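Notes to accompany the following structure.
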Number of protein chains: 2
Amino acid sequence: MLLFVMRIIPNNSSNGLGPEALRRRGLRLTGPRRLILEVVQSTDLHPTAEWVYRKVRRRLPRVSLGTVYRNLRLLVDEGIVEELRGSPGRHAGKARFDGNASVHHHFTCSDCGRIHDLTAPVDPSLDRRMAVRTGLSISHHRIEFYGRCPACQARQGPRRRARNRR
Amino acid sequence: MLLFVMRIIPNNSSNGLGPEALRRRGLRLTGPRRLILEVVQSTDLHPTAEWVYRKVRRRLPRVSLGTVYRNLRLLVDEGIVEELRGSPGRHAGKARFDGNASVHHHFTCSDCGRIHDLTAPVDPSLDRRMAVRTGLSISHHRIEFYGRCPACQARQGPRRRARNRR
DNA sequence: TTTGTTGCAAACATTTTGCAGTGTA
DNA sequence: TACACTGCAAAATGTTTGCAACAAA
């Protein structure tokens, strides 16, 4: 049931995207910042800023939402964390953050909007082929798969009449 | 230079996603609604709500932004129009709408955030293979390519030091 | 000591919604 | 005529920012 989950806790100390990545760039490693990085890298739930905020506040109750936003943006700008906007349609309202900065594919549940990382390898030759075909300069790609996750299938039965109300 | 553009004006009268699609679903075909549909289907710029609003207002000056939002949401809910959230990172702030409801791939410019449709065919067998591999129920996929569009390459020279400030 | 970072609150941008009036079917 | 739809304005939501106090280097 969970064999499609790519990783639980990525080892970012070894890939150069841990806390020391910040020091290296001349940024200060403060308490809130270290904790925010830790939280966003310790999950593959592609959390929202709000989710990170709640999680961080458990260990650092005085942290502010503004600080979480500021640090998430900084981590994105530094290439340590990636920012996604969820699936098309419903669930698209808020930014989601991916502590797994390596290129990988996604599966998005059209019912609950949850995004799962996929184990399938990325094929870089596709970029070259598409570049030749289109004349575009392509750096990378990501395949976004859509469907219903096991939980939603179980919860709502085999078929579903979607009525996409927010 | 433009050979990668998929279509200029899709023919939605023939694919069942024109105005009659609304009538068929028991929805009223009002002036503002017809115009909003027409505008969003007449471009492949993946416009924002604001862009649609400005365009619609040229022909219907009394239309309100609220009506544009309400109708875009309705068209999305009916599956006539698709809602995207732009690229990850900068440019991700606002919803974009795609009047081309058929499945196709995208190229997103990491500099200017513009999204282009791609001509490359979609391979449905990939869904089956990935479904087998992961145990997930997959309905479709879309490949999101990233790189720099010709305009941005020309404007900023061959290389670029990105500093992702918003 | 210097200056980047924080908490707080206010500002901002985008999108949704309540309401009374309007126009489509 | 009925009621889905509209314009308008206010509200809601998500995110950014100015500022004075704070703390990492």
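Per chain, numbering begins at 1; letters A, B, ... match sequence-line order. Here the structure is a predicted model, which is why all the values come from computation and not from measurement. Basis for what follows: all heavy atoms, side chains included, without hydrogens, waters or symmetry-related copies.
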Distance check, rounded to the nearest 0.5 Å: A:L22 atom CG versus A:L29 atom CG? 6.0 Å
Contacts under 3.5 angstrom, residues 54-64 of chain A side chains, donor-acceptor by atom type, not counting sequence neighbours:
{"from": "A:R57", "atom 1": "NH1", "to": "A:Y53", "atom 2": "OH", "distance (Å)": "3.0"}
{"from": "A:R59", "atom 1": "NH2", "to": "A:E38", "atom 2": "OE2", "distance (Å)": "2.8"}
{"from": "A:S64", "atom 1": "OG", "to": "A:T67", "atom 2": "N", "distance (Å)": "3.2"}
{"from": "A:S64", "atom 1": "OG", "to": "A:T67", "atom 2": "OG1", "distance (Å)": "3.1"}

Any residue of residues 48-58 of chain B with a heavy atom less than 4.0 Å from an atom of DNA chain C: none
Phosphate-side-chain proximity, A:Y69 and D:dT16, N/O vs OP1/OP2 below 4.0 Å: no
Interatomic distance, B:R73 CZ vs D:dA12 P [rounded to whole Å]: 19 Å
Just verifying a value: how many Å separate A:R96 CZ and A:W51 CH2, rounded to the nearest 0.5 Å? 11.0 Å
Would you kindly give the CG-to-C1' distance between A:L60 and D:dC22, to the nearest whole Å? 14 Å
Taking CZ from A:R34 and C1' from D:dA24, how many angstroms apart are they, rounded to a whole number? 11 Å
Could you check how far CG of B:L72 sits from P of C:dT14, rounded to whole Å? 15 Å
Will you find, in the side chains of B:D117 and B:H105, an N or O donor that is under 3.5 Å from an N or O acceptor? no
Please identify each residue that fulfils side-chain contact (heavy atoms from CB on, under 4.5 Å) with B:R129, with sequence neighbours left out. B:D123, B:S125, B:L126
With sequence neighbours excluded, what pairs up with A:F145 under the ring-ring contact (aromatic ring centres under 6.0 Å, His included) test? B:H141
Rounded off to whole Å, could you give me the CD1-to-P distance for the B:I36 and D:dA4 pair? 18 Å
In whole Å, I'd like the distance from the CG atom of B:L65 to the P atom of C:dT15. 9 Å
Separation of D:dG14 C1' from A:E83 CD (nearest whole Å): 12 Å
Pick base, sugar-phosphate or nothing for A:R70, based on heavy-atom distances below 4.0 Å to the nucleic acid. base
Which whole-number value in Å describes the distance from B:K94 NZ to D:dT16 P? 13 Å
Tell me whether A:E78 is salt-bridged to A:R25, with the criterion being a basic N under 4.0 Å from an acidic carboxylate O. yes
Estimate the overall bend of the helix from C:dT1-D:dA25 to C:dA25-D:dT1 from the end axes over five pairs each, rounded to 10 degrees. 40°
Side chain of B:H104, backbone of B:S102: donor and acceptor closer than 3.5 Å? yes
Listed pairs, N/O of protein and of nucleotides 3-5 of chain C, under 3.5 Å:
{"from": "C:dT3", "atom 1": "O2", "to": "A:R28", "atom 2": "NH1", "distance (Å)": "3.2"}
{"from": "C:dT3", "atom 1": "O2", "to": "A:R28", "atom 2": "NH2", "distance (Å)": "3.2"}
{"from": "C:dG4", "atom 1": "N3", "to": "A:R28", "atom 2": "NH1", "distance (Å)": "3.3"}
{"from": "C:dT5", "atom 1": "OP1", "to": "A:R28", "atom 2": "N", "distance (Å)": "3.2"}
{"from": "C:dT5", "atom 1": "OP1", "to": "A:R33", "atom 2": "NH1", "distance (Å)": "2.4"}
{"from": "C:dT5", "atom 1": "OP1", "to": "A:R33", "atom 2": "NH2", "distance (Å)": "3.2"}

Look up atom NE2 in A:H116 and atom OG1 in A:T108, then write down how far apart they are to the nearest 0.5 Å. 8.5 Å
C:dC8 phosphate, OP1 or OP2, under 4.0 Å from A:R62 side-chain N/O: yes
Taking B:R148 for its side chain and B:C109 for its backbone only, find out whether a donor-acceptor pair lies under 3.5 Å. no
Carboxylate-amine/guanidinium proximity below 4.0 Å for A:E83 and A:R73: yes
